[in-house]
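Working notes, beginning with the structure itself.
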Amino acid sequence: MTVKEKLNLLEELLFLDKDTLEEASELADFEEWNSMAAISLIAMFDDVFGKELKPDEVKKFETVQDIIDKME
């Protein structure tokens with residue numbers, strides 16, 4: 001999966017317009033990044049990547065790149 005595809009997945013998850021996110025985007029800058037988004041992210045990691053993502057890991061994410069790195 002390309003970085004662009006990963007960005008698109010995150011944009012869908014956060015209900016953002018396409019091409020809104022960049023790897024350097026700060027999650028705190030988006031009001032859509034909230035507890036519901038974190039739960040959705042955990043579910044997406046399980047469904048799409050077959051990986052378990054713990055809530056403590058999600059709390060440490062500061063940028064979109066942090067999430068993308070975990071998708072690898």
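For clarity, every value in this text was computed on a predicted model and none was experimentally measured. The figures that follow rest on heavy atoms only: side chains count, while hydrogens, waters and symmetry mates do not.
Under the side-chain contact (heavy atoms from CB on, under 4.5 Å) criterion, Asp69 pairs with Gln65, sequence neighbours left out. With sequence neighbours excluded, the residues satisfying side-chain contact (heavy atoms from CB on, under 4.5 Å) with Lys54 are Glu52, Glu57. By the side-chain contact (heavy atoms from CB on, under 4.5 Å) test, Asn34 pairs with Met36, Ala37, sequence neighbours left out.
Annotation: the span from Leu10 atom CG to Leu41 atom CG amounts to 6.5 Å, rounded to 0.5 Å. Residue Met44 holds its CE atom at 5.5 Å from CG of Leu9, rounded to the nearest 0.5 Å.
Under the 4.5 Å side-chain heavy-atom criterion for Ile, Leu, Val, Met, Phe, Trp and Tyr, Leu13 and Ile39 are members of distinct hydrophobic clusters.
Annotation: side chain of Met1 is in contact with side chain of Val48 (closest heavy-atom distance under 4.5 Å). Looking at heavy atoms from C-beta onward, Phe61 lies out of side-chain contact with Ile68 at the 4.5 angstrom threshold. In this structure the side chain of Asp66 never reaches within 4.5 angstrom of the side chain of Lys60, judged on heavy atoms.
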Show me the donor-acceptor pairs within less than 3.5 Å that the side chains of residues 20-28 make with the rest of the protein, sequence neighbours left out.
unit_1	atom_1	unit_2	atom_2	d
Thr20	OG1	Asp17	N	3.4
Thr20	OG1	Asp17	O	2.4
Ser25	OG	Glu22	N	2.9
Ser25	OG	Glu22	O	3.0

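Screening residues 23-56 for ring pair (Phe, Tyr, Trp, His ring centres under 6.0 Å) gives Phe45-Phe49 as the qualifying pairs, with residues at least two apart or on separate chains. Residue pairs satisfying the side chain to side chain donor-acceptor pair (under 3.5 Å) criterion with at least one member in residues 2-12, sequence neighbours excluded, are listed as follows: Thr2-Glu5, Lys4-Asp19, Lys6-Glu72.
The minimum heavy-atom distance between Lys70 and Lys51, with the atom names listed, is O-NZ, 3.1 Å.
Within 6.0 Å of atom CD in Glu62, 12 or fewer heavy atoms from other residues, nucleotides or ligands are found, so the atom counts as exposed in its surroundings.
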